[in-house]
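Below you'll find the structure, written out as structure tokens, and then a few comments.
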Amino acid sequence: MAKPARNSERQAIVAGVRTFFVSSRTIQGKHLLQSERSAELLIDVFRSYPLAGRFKVHEFVIMPDHFHVLISVDGNTSIERAIQLIKGSFSFRRKKELGLIGEIWQRGFSEVRVTARKSFIAHKKYIHENPVKAGLAAAPEDFPYGSACLRKKKTASG
């Protein structure tokens, strides 16, 4: 099992606000995120940290064996710490709330620093199109475990 590439340079780890496209896989590519309960729990984790002011989650999608997230961290939080919080919180809550035990995440994660609007838009599109390419939905807003669907629901309700 290969460890995902890490691209952070020391100067970029803690600086001003930085945005990243991050991907993380489940252990051995197992479909541990495919159940509604697991996917909704991870969505709740994605929502809880921005509400606490820790970092900003712009876009995300939860696939059966991995997730992608477009996230901004401030100068007080490294991308490593933000992803550790997400993965650790999900693992803890999965055991406590769902009664599921066992290893969940592959070691590490992959990230790309997003420094331009064009890159931000391209990564946002990639996140939205991921379930469509995988045959899990006809359109991004039809896939229940992504930010495109949640945004559509929010717009429809108010």
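Predicted model, so just to flag it, every value in this text is computed and none were measured.
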Is there a chain of hydrophobic side chains (I, L, V, M, F, W, Y, each step under 4.5 Å between heavy atoms) that links Leu85 to Ile104? yes
Using side-chain heavy atoms (C-beta onward) and a distance below 4.5 Å, is His68 in contact with Tyr126? yes
In the single-linkage hydrophobic clustering (I, L, V, M, F, W, Y; side-chain heavy atoms under 4.5 Å), do Val132 and Val61 co-cluster? no
Heavy-atom nearest pair, Phe90 first then Ser38, reads CE1-O, 3.3 Å
Which atom pair, heavy atoms only, marks the closest approach of Cys149 to Pro144? SG-CA, 3.8 Å
Suppose we screen for side chain to side chain donor-acceptor pair (under 3.5 Å). Which residues come up paired with Arg25, at least two apart in sequence or across chains? Asp65
Residues which pass side chain to side chain donor-acceptor pair (under 3.5 Å) with Glu59, listed by chain and number, not counting sequence neighbours: His128, Ser147, Arg151
Would you give the length of the straight line joining atom CD of Gln106 to atom OG of Ser23, rounded to the nearest 0.5 angstrom? 11.0 Å
Rounded distance (nearest 0.5 Å) linking atom CZ of Arg81 with atom CG of Asn76: 12.5 Å
Would you say that more than 12 heavy atoms from the other residues, nucleotides or ligands in this model lie under 6.0 Å from the NZ of Lys96, or not? no
Are Val45 and Phe92 close enough that some pair of their side-chain heavy atoms sits under 4.5 Å apart? no
Ile121 with Val69, same ILVMFWY side-chain cluster at under 4.5 Å: no
Determine, using the 4.5 Å side-chain heavy-atom cutoff (strictly less than), whether Ile27 and Met63 are members of one ILVMFWY cluster. yes
Do Lys124 and Leu70 have side-chain heavy atoms sitting under 4.5 Å apart? yes
Between Glu97 and Arg93, does at least one N-O distance fall below 4.0 Å, as a salt bridge requires? yes
Could you report the tightest heavy-atom contact between Arg94 and Ile101, atom names first, then the distance? NH1-O, 4.0 Å
Same cluster (ILVMFWY, side-chain, under 4.5 Å), Phe46 and Leu98: yes
For the NZ atom on Lys30, are there more than 12 heavy atoms of other groups (residues, nucleotides or ligands in this structure) within a distance under 6.0 Å? no
Just wondering, do Ile86 and Leu42 contact through their side chains at under 4.5 Å, heavy atoms? yes
To the nearest 0.5 Å, what is the distance between CD (Glu36) and CD (Glu40)? 4.5 Å
Correct closest heavy-atom pair for Arg113 and Phe20 would be CD-CE2, 3.6 Å
With side chains defined as the heavy atoms from C-beta onward, is the minimum distance between Phe55 and Asp74 less than 4.5 Å? no
Flag the pair Ile62 / Gln34 as yes when at least one side-chain heavy-atom distance between them is below 4.5 Å, and no otherwise. no
Are Val73 and Val17 packed together at the side-chain level, in the sense that at least one heavy-atom pair is separated by less than 4.5 angstrom? no
Begin from the C-alpha positions of Arg47 and Leu150 and carry the test side chain to side chain contact (heavy atoms under 4.5 Å, CB included) through to its verdict. CA-CA 11 Å; Arg47 289 175 151 177; Leu150 295 179; 3.7 Å; yes
Which value, rounded to the nearest 0.5 Å, describes the distance between Ser91 atom OG and Leu41 atom CG? 9.5 Å
Classify the ring geometry between Trp105 and Phe67 as parallel (under 30°), tilted (30 to 60°) or perpendicular (over 60°). perpendicular
Could you check Ser72 against His58 for side chain to side chain donor-acceptor pair (under 3.5 Å), going step by step and ending with a plain yes or no? CA-CA 8 Å; Ser72 290; His58 302 280; 2.7 Å; yes
Determine whether Val114 and His123 satisfy the following criterion, side chain to side chain contact (heavy atoms under 4.5 Å, CB included), listing intermediate values before the conclusion. CA-CA 9 Å; Val114 177; His123 285 97; 4.0 Å; yes
Looking at side-chain heavy atoms only, is the closest gap between Tyr145 and Phe60 below 4.5 Å? no
